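Notes for the one structure printed next.
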Amino acid sequence: MPEYQRPRSEQEFEQNFKPKKPLMNSTEAFLESSRCLFCYDAPCMHACPTHIDIPLFIKQIHTGNPNGAAKTIYDMNWMGNACGKVCPTQVLCEGACVYNHAKVKPIEIGRLQNYATNQSIASGKPLYQKGASNGKRSP
Ligand code: SF4
């Protein structure tokens, strides 16, 4: 394993710790979600180990409902926020996105997931009622 090189300047430090998937703003999320084709067989969803309904949460983001999108994500994956940041999406959902077949950049699903869950956390609105069943299976 290569030895870790200590950053020699603040600029190098910032470069080393720059997020690989920076948080989207609402305009970026709107534009990126507009690219989704909402495939009926959604290969992205089948490639996700937690089978999140990806086209649904992307549509919810696009229609201005990030809390709904976050709930769609958390219904299947309680670690949805962390997974949006660290999942190897390039070999999972994004690797299966149909855009790859046309040699077009796949939908940035991880960043959209991160956007929705971050928006929901920032809103402070509870997504689940205490003691109520959401009708879906737990991950
Ligand atoms: S495969 Fe790509 S375009 Fe199709 S639903 Fe999934 S994210 Fe959208």
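For reference, positions follow the sequence shown, starting with 1. Order of listing sets the numbers, starting from 1, for every ligand and every atom in it. Atoms considered below: every heavy atom in the structure, side chains included; atoms not considered: hydrogens, waters and symmetry mates. Keep in mind that what you see is a predicted model, and the values were worked out from it rather than measured.
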Test log, rule side chain to side chain contact (heavy atoms under 4.5 Å, CB included), inputs Y115 and S33: CA-CA 11 Å; Y115 168 80; S33 60; over 6 Å; no
Test log, rule side chain to side chain contact (heavy atoms under 4.5 Å, CB included), inputs I52 and M45: CA-CA 6 Å; I52 294 171; M45 188 173 155; over 6 Å; no
Working for side chain to side chain donor-acceptor pair (under 3.5 Å), residues S120 and K71: CA-CA 9 Å; S120 173; K71 185 166 185 312; over 6 Å; no
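Proximity to I107 (heavy-atom distance under 4.0 Å) selects the following atoms of ligand 1: 2 (Fe), 7 (S). Less than 4.0 angstrom separates some heavy atom of I109 from each of these atoms of ligand 1: 7 (S). Within ligand 1, counting atoms from 1 as listed, the ones closer than 4.0 Å to a heavy atom of C39 are 1 (S), 3 (S), 4 (Fe), 5 (S).
The side-chain tip of K105 does not point at the ring of Y99 from less than 6.0 angstrom away and within 45° of straight on.
The number of heavy atoms from other shown groups lying within 6.0 Å of NZ (K59) does not exceed 12.
The nearest heavy-atom contact from the protein to atom 6 (Fe) of ligand 1 is C44 SG, 2.3 Å. Nearest protein heavy-atom neighbour of atom 2 (Fe) of ligand 1: C97 SG, 2.4 Å. Here the protein heavy atom with the shortest distance to atom 3 (S) of ligand 1 is L37 N, 3.4 Å.
From I109, atom CD1 reaches atom SG of C97 across 5.5 Å, with rounding to the nearest 0.5 Å.
C36 lies close to atom 8 (Fe) of ligand 1, since one of its N, O or S atoms is found at a distance under 2.8 Å.
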